[in-house]
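Remember, it's 1-based here, ligands and their atoms both numbered in the order they're listed.
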Amino acid sequence: MERNTQKVLGYNVDILSFEEAINNVLASVNNNIGMQIVTINPEMIELANRNKDYANILNNAELVIPDGSGIKLALKLKGIKQEQIPGIDFTRRILEKFAENNLPVALIGAKEEVVQKAAANLQKEIPNLNICYFRNGYFSENDEEQIINDIKDKSPKLVLAALGAPKQEQFIFKCRKELNNAIYIGVGGSFDIWAGSVERAPKIFRKLGCEWLYRTMKQPERIKRIYKTLPMFLIKVIIEARKINLYKRDKNV
Ligand code: UDP
């Protein structure tokens with residue numbers, strides 16, 4: 001499928017609506033084509049700037065959803081209007097679509113009691129959801145081969161990895177080599193929310209693009225992550241946007 005992407009600091013971001021993103025995934029499922037979906041945010045971009053392998057994984061993903069409000073802002077500075085697509089809402093809709101078609105789903109990540117509760121809640125809330133495999137996200141690199149084999153045995157059509165960045169994208173990259181016709185999404189802290197152990201930000205925060213602020217208030221340990229990445233990210237995107245605007249002015253485009 002033709003993609004419409006834009007670069008943010010050198011990383012692909014798909015420009016599309018929520019519905020287009022869903023339809024894009026369903027088209028791949030219908031054609032039995034696997035894909036890695038990244039729900040990108042400024043933190044991931046800063047991680048990729050320091051890790052070339054991770055940068056390659058991000059740029060080779062078949063779909064990159066503009067998840068963070070920092071990404072929306074970066075695109076806006078470049079003159080591109082793009083709605084923010086929260087990864088958790090997008091993934092939830094994908095789960096519903098997979099349930100409607102009785103396609104098996106695997107969940108990998110979060111603490112044992114969290115993934116168990118998330119699986120049970122999803123099963124209750126989404127009729128006909130077929131969870132063929134789940135396990136917690138606390139394993140060593142030595143266990144990965146076994147876990148990937150276990151997943152492969154169950155042949156899920158959708159694999160959700162909630163291991164945080166960059167671990168989830170790296171795990172997906174490895175898993176795809178063994179099971180390449182599944183849809184993979186790195187979903188960050190979504191299992192914690194589905195399990196009810198972390199509260200989703202109220203609508204007003206989400207509407208204003210301030211979900212990150214609410215999450216930081218609730219989990220103050222996140223401040224360290226934000227102040228380490230966000231200021232630098234913003235400075236870089238402002239410089240990038242200025243360069244583009246000067247270029248456009250000089251070329252009269
Ligand atoms: N996690 C995991 N294994 C690890 C480290 C983290 O399964 O080795 C889980 C953690 O329990 C949490 C998720 O990964 O459920 C990361 O959530 P975070 O809030 O950091 O992700 P974000 O939504 O900010 O991307």
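In this pair, Phe18 and Phe90 present their aromatic rings perpendicular. The plane angle is above 60°, beyond the 30 to 60° band.
Checking Lys177, Lys174, Arg135 one by one against Glu144, the salt bridge (Lys or Arg N to Asp or Glu O under 4.0 Å) holds for a single residue, Lys174.
The ring of Phe134 has its center no closer than 6.0 angstrom to the ring center of Phe191.
Contact residues of ligand 1 (protein heavy atom closer than 4.0 angstrom to a ligand atom; sorted by chain and number): Gly109, Ala110, Gly137, Tyr138, Ala162, Leu163, Gly164, Lys167, Gly188, Gly189, Asp192, Arg215, Arg222, Arg225.
The closest side-chain heavy-atom distance from Tyr54 to Met44 is below 4.5 Å.
Under a cut-off of 6.0 angstrom, the local environment of CG in Asn128 is sparse, with at most 12 non-hydrogen atoms contributed by other residues, nucleotides or ligands.
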Side chain to side chain donor-acceptor pair (under 3.5 Å) between Tyr11 and Asn49, worked out: CA-CA 10 Å; Tyr11 299 92; Asn49 283 337; 2.9 Å; yes
